[in-house]
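Only one structure is covered here, and it is reproduced in the block below.
From a predicted model like this one, the values you see are computed outputs, not experimental measurements. Position 1 is the first residue of the sequence, and the numbers go up from there.
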Amino acid sequence: MCFDVPYPVDYGGVFDLFYKIKVLHESGINIHLHCFEYGRGMQKELSNYCISVTYYKRKKIYTNLKFRLPFIVSSRANKYLLKNLLKDDYPVLLEGIHCTYFLFSGELKNKKIIVRLHNVEYEYYEGLAKATKNIFKKIYFQHESNLLKKYEKKIANKALFIAVSEKDKRNYEKNFLAKEVEYLPVFLPFTHVKSEEGFGEFCLYHGNLSVPENEKAVLWLIENVFDTLDIPFVITGKNPPKYLETLVHKNENICLVGNPSAKEMDELIKKAHVHLLPSFNKTGVKIKLLNALFNGRFIVTNSAALEESGLKAFCKTANTSIEYKKITEKLFTSRFTQTDVLERKKILEGVYNNHENALQLMQWIW
């Protein structure tokens, strides 16, 4: 059961969803997909991998919600979904804390339940609260974080939980005393490192620009790194706010590519020489970071993005604007070598092996 329609794969939150479905299908698994639709539409592509696809409407914030529960959970408490899940004795994979209301209520107690953790959600929403400048959003995100922390503790021992990072796994074990929690890497479209040696043309930041954390990262780079750094800098991603377009136009060495196609995004990642990917949120896995590792050249990011990720050896770490400037200037005149490519291949292609990880998931499910 997915918290959102997992296609098209146009933002980080649906990568693990879609490519998990795809590889499970390739492994001979019959999938009955249940997902919530609230703007992305019904997608024929999903029928290529699933025996059935059922869509449900997510409740609005003003309609019959359980206000003592997190909105991301209560808005998906759908009676028709429960009725459909109880029609058979198949195991149920719940994608995200978002989909766990009927686990919490005990109405799925006779079924085998597995929960995929895409984040430690209370930490994620706490990070959103810190990142946004909108006072109303800040209040909402912090309130949701407080509710999520209580909620996640209540359900932490009601099922097997599978985290996307070792850090999130340990968080559940330490803070929620979870007894059944495992780690499984995210499922990705890229399975082979395709980074090209040599030199690229510019520095790049890419991400969903409507997300407060990403918006904050871009503003920080513009105001604190490229305020004096005279190197071409490209910013690209979904739905950039209007004020960001205005701000970029004031800088001759910075350009913005809004809502690129998948092909355009791939080309930008391929042509960039240095990927600048600061993060202000410590939870989950950064898909944009993995995308750059598999398909791009040098990466500069901060400790928050790399903490217990296993990716530190492939990135340069910078935590201040001065460090970002010094490292970026040095890398921009450095050649990305075949040795750099082979070092990534040696580790990444083993850890992020979709078929092997699908086999492990199937063992846990059955």
Side-chain angles (χ1 to χ4, degrees), residues 9 12 15-16 18-20 22-23 26-27 163-167 169 183-207 231-234 236 262-279 284-319 323-361:
V9 191
F15 272 71
D16 187 64
F18 179 75
Y19 291 104
K20 187 190 299 113
K22 190 171 184 290
V23 74
E26 292 169 355
S27 301
V164 295
S165 71
E166 289 282 8
K167 176 164 53 69
K169 175 180 182 291
Y183 158 64
L184 190 69
V186 294
F187 291 83
L188 299 170
F190 19 86
T191 54
H192 299 288
V193 174
K194 296 181 180 179
S195 304
E196 296 184 357
E197 59 181 300
F199 289 89
E201 303 170 17
F202 46 79
C203 295
L204 178 70
Y205 178 91
H206 71 278
I231 293 175
F233 179 39
V234 177
T236 187
K263 184 176 180 180
E264 287 173 327
M265 179 67 84
D266 290 344
E267 280 297 306
L268 287 168
I269 290 171
K270 178 181 176 181
K271 291 179 178 180
H273 194 62
V274 182
H275 296 262
L276 301 175
L277 299 172
S279 174
V285 171
K286 314 304 178 195
I287 298 296
K288 54 181 170 282
L289 176 59
L290 289 169
N291 195 348
L293 283 168
F294 273 91
N295 300 298
R297 296 184 179 86
F298 294 113
I299 297 167
V300 185
T301 187
N302 56 336
S303 298
L306 294 172
E307 186 178 341
E308 299 183 55
S309 66
L311 303 174
K312 190 172 182 178
F314 311 115
C315 305
K316 298 296 182 182
T317 305
N319 291 308
E323 290 173 343
Y324 261 90
K325 289 177 181 180
K326 287 183 177 179
I327 293 172
T328 301
E329 282 184 312
K330 182 176 180 180
L331 291 178
F332 203 72
T333 57
S334 300
R335 182 182 179 83
F336 191 78
T337 68
Q338 186 65 18
T339 300
D340 295 319
V341 177
L342 293 175
E343 285 177 351
R344 292 183 184 184
K345 281 179 174 286
K346 184 178 179 181
I347 304 298
L348 298 178
E349 292 182 3
V351 173
Y352 297 95
N353 184 309
N354 285 354
H355 286 279
E356 288 187 10
N357 292 336
L359 288 174
Q360 176 61 77
L361 178 59

ask   = What residues form a side chain to side chain contact (heavy atoms under 4.5 Å, CB included) with A304, not counting sequence neighbours?
value = K282, N302
query = Is E267 salt-bridged to K263, going by a charged N under 4.0 Å from an acidic O?
reply = no
task = Of all the heavy-atom pairs spanning K169 and A163, show the shortest one and how long it is.
result = N-CB, 3.7 Å
request  = Compare all side-chain heavy atoms of T317 with those of S303 and state whether any distance is below 4.5 angstrom.
outcome  = yes
Non-neighbouring partners of I287 that pass side chain to side chain contact (heavy atoms under 4.5 Å, CB included), sequence neighbours left out = F15, V186, L188
message = Taking side chain to side chain contact (heavy atoms under 4.5 Å, CB included) as the definition, give me every residue that meets it alongside L359, ordered by chain and number, with sequence neighbours left out.
response = M362
ask   = Under a 4.5 Å cut-off applied to non-hydrogen side-chain atoms, are H275 and I269 in contact?
value = yes
Residues E197, D340; criterion side-chain contact (heavy atoms from CB on, under 4.5 Å); working and verdict = CA-CA 8 Å; E197 59 181 300; D340 295 319; over 6 Å; no
task = With rounding to the nearest 0.5 Å, note down the distance linking OG in S165 to CD in E307.
result = 9.5 Å
key: Partner residues of S27 under the side-chain hydrogen bond (donor to acceptor under 3.5 Å, both in side chains) criterion, sequence neighbours left out   = none
ask   = Can you check whether C315 reaches L289 side chain to side chain, under 4.5 Å on heavy atoms?
value = yes
key: Closest non-hydrogen atom pair, Y205 against L276   = CD1-O, 3.0 Å
Test side-chain hydrogen bond (donor to acceptor under 3.5 Å, both in side chains) applied to K286 - qualifying residues, sequence neighbours left out = none
ask   = What is the distance from atom CG of L348 to atom CG of L311, rounded to the nearest 0.5 Å?
value = 6.5 Å
inquiry  = Donor-acceptor check, side chain of N353 to backbone of G350, threshold 3.5 angstrom: yes or no?
reply    = no
query = Distance-only, no hydrogens or angles: does the N354 side chain make a donor-acceptor pair with backbone N or O of T191 under 3.5 Å?
reply = no
message = Restricting to side-chain hydrogen bond (donor to acceptor under 3.5 Å, both in side chains), what partner residues turn up for K20, sequence neighbours left out?
response = D16, E95
task = Drop me the distance from L293's CG to I299's CD1, to the nearest 0.5 angstrom.
result = 3.5 Å
task = Decide side-chain contact (heavy atoms from CB on, under 4.5 Å) for H206 and L268; before the verdict, give the C-alpha distance in whole Å, the side-chain angles of both, and the deciding distance to 0.1 Å.
result = CA-CA 9 Å; H206 71 278; L268 287 168; over 6 Å; no
key: Contacts of type side chain to side chain contact (heavy atoms under 4.5 Å, CB included), residue K345, not counting sequence neighbours   = V193, V341, L342, E349
Residue pair I231 / F202, side-chain heavy-atom distance below 4.5 Å = no
request  = Go through the structure and list residues passing side-chain hydrogen bond (donor to acceptor under 3.5 Å, both in side chains) with T236, not counting sequence neighbours.
outcome  = none
query = Taking atom CE of M265 and atom NZ of K288, what is their separation to the nearest 0.5 Å?
reply = 10.0 Å
query = What residues, two or more places apart in sequence or in another chain, satisfy ring pair (Phe, Tyr, Trp, His ring centres under 6.0 Å) together with F190?
reply = F294
Spacing of C203 atom SG and F298 atom CZ [to the nearest 0.5 Å] = 11.5 Å
Taking every non-hydrogen atom, the tightest pair across A292 and S195 = O-OG, 4.4 Å
ask   = So, for L204 and A272, which heavy atoms are closest and what is the spacing to 0.1 Å?
value = CB-CB, 3.7 Å
Which side-chain N or O atoms in residues 327-336 pair as donor and acceptor under 3.5 Å with protein atoms at least two apart or in another chain?
from, atom 1, to, atom 2, distance (Å)
T328, OG1, Y324, O, 2.6
T333, OG1, K330, O, 3.1
S334, OG, K330, O, 2.7

query = For Y183, what residues pass the ring pair (Phe, Tyr, Trp, His ring centres under 6.0 Å) criterion, not counting sequence neighbours?
reply = none
key: Other residues, nucleotides, ligands: >12 heavy atoms within 6.0 Å of K316 NZ   = no
inquiry  = The criterion is salt bridge (charged side-chain N to carboxylate O under 4.0 Å, His left out); which residues satisfy it with E356, sequence neighbours excluded?
reply    = none
inquiry  = I'd like to know if the side chain of R297 reaches the main chain of K270, judged simply by a donor and an acceptor atom lying under 3.5 Å from each other, with no hydrogens or angles considered.
reply    = yes
